[in-house]
Amino acid sequence: MTFTEKALAVIQSIPEGKVMTYGSVAAAAGSPRGARQVVRVLHSLSDKEGLPWHRVVNREGRISLERGRGYELQKALLEDEGVVFGLTERIDLDTYLWQPSTSA
DNA sequence: CTCGTGACTCCCG
DNA sequence: TCGGGAGCCACGA
């Protein structure tokens, strides 16, 4: 089981209306410092595995992508799932952060 | 095998 | 408080 596979499983475990940070996914996958690998996983498998890449945001609960890069798409997808963006285009992690270990 | 890369994160200035 | 730089890890060429 590689980090990529674990990350893949973790990301797929994120339910609608919830989000996870790169760091959290990485940690859940076994590498607290592997946030960047999560990025890689999204890039490489989001398309093939049909991952909910839009449910992955940065540590601030914000979309890392820039306007015109996918930002609006991700935001739209999340809002469609019930995720609310704050006045600062930010997601309230206290409310929407998905924590795999705490749910089961 | 070594080098480069990346939708990150943290620490220091 | 804000900005810049280095660290990090795994994967593709």
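Lettering follows sequence order; numbering is per chain, from 1. Excluded from the calculations below are hydrogen atoms, water molecules and symmetry mates; all remaining heavy atoms, backbone and side chain alike, are included. Keep in mind it's a predicted model, so treat the numbers as computed, not measured.
- Here the shortest heavy-atom pairing between A:A35 and A:A26 reads N-CB, 3.5 Å.
- Screening residues 21-47 of chain A for salt bridge (charged side-chain N to carboxylate O under 4.0 Å, His left out) gives no qualifying pairs among residues at least two apart or on separate chains.
- Every side chain to side chain contact (heavy atoms under 4.5 Å, CB included) that A:S46 has, sequence neighbours left out, goes to A:L51, A:W53.
- The minimum heavy-atom distance between A:G70 and A:L65, with the atom names listed, is C-CD1, 3.8 Å.
- By the side chain to side chain contact (heavy atoms under 4.5 Å, CB included) test, A:R90 is found to be paired with A:R62, A:T88, residues two or more places apart in sequence or in another chain being considered.
- The shortest distance between side-chain heavy atoms of A:V84 and A:Y96 falls below 4.5 Å.
- Residues in residues 10-21 of chain A take part in these side-chain hydrogen bond (donor to acceptor under 3.5 Å, both in side chains) pairs, two or more places apart or across chains: A:T21-A:S24.
- With sequence neighbours excluded, the residues satisfying side chain to side chain donor-acceptor pair (under 3.5 Å) with A:T2 are A:E5.
- The closest side-chain heavy-atom distance from A:T4 to A:L45 is below 4.5 Å.
- Of all the residues in residues 15-35 of chain A, A:Y22, A:G23, A:R33, A:A35 reach under 4.0 Å from DNA chain B with at least one non-hydrogen atom.
- Counting only residues at least two apart or in different chains, side-chain hydrogen bond (donor to acceptor under 3.5 Å, both in side chains) contacts with residues 68-81 of chain A comprise A:H54-A:E81, A:R55-A:E81, A:E66-A:R69, A:R67-A:E72, A:Y71-A:E89, A:K75-A:E89.
- Residues A:F85 and A:D92 have side chains not in contact (no heavy-atom distance under 4.5 Å, counting atoms from C-beta outward).
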All N/O contacts under 3.5 Å from nucleotides 11-13 of chain C to the protein, with atom names and distances to one decimal?
| from | atom 1 | to | atom 2 | distance (Å) |
| --- | --- | --- | --- | --- |
| C:dC11 | OP1 | A:T4 | OG1 | 2.8 |
| C:dC11 | O4' | A:R40 | NE | 3.1 |
| C:dC11 | O4' | A:R40 | NH2 | 3.2 |
| C:dC11 | O2 | A:R40 | NH2 | 2.3 |

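- Between A:L78 and A:V19 there is a side-chain heavy-atom pair separated by less than 4.5 Å.
- Bounding nucleotides for the chain A contact on DNA chain B, 5' to 3', at a heavy-atom distance below 4.0 Å, are B:dG4 to B:dC10.
- For the segment residues 82-96 of chain A, no residue has any heavy atom less than 4.0 angstrom from an atom of DNA chain B.
- C:dA10 atom P lies 15 Å from atom CG of A:L45, rounded to whole Å.
- Looking only at side-chain heavy atoms (C-beta outward), A:P52 and A:I11 come within less than 4.5 Å of each other.
- Not counting sequence neighbours, the partners of A:A29 by the side chain to side chain contact (heavy atoms under 4.5 Å, CB included) test are A:F3, A:K6, A:A7.
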Using a cutoff of under 3.5 Å, can you pull out all pairs of nitrogen or oxygen atoms linking the protein to nucleotides 3-6 of chain C, with atom names and distances?
none

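- Distance check: A:I91 CD1 to A:I63 CD1 gives 6.0 Å after rounding to the nearest 0.5 Å.
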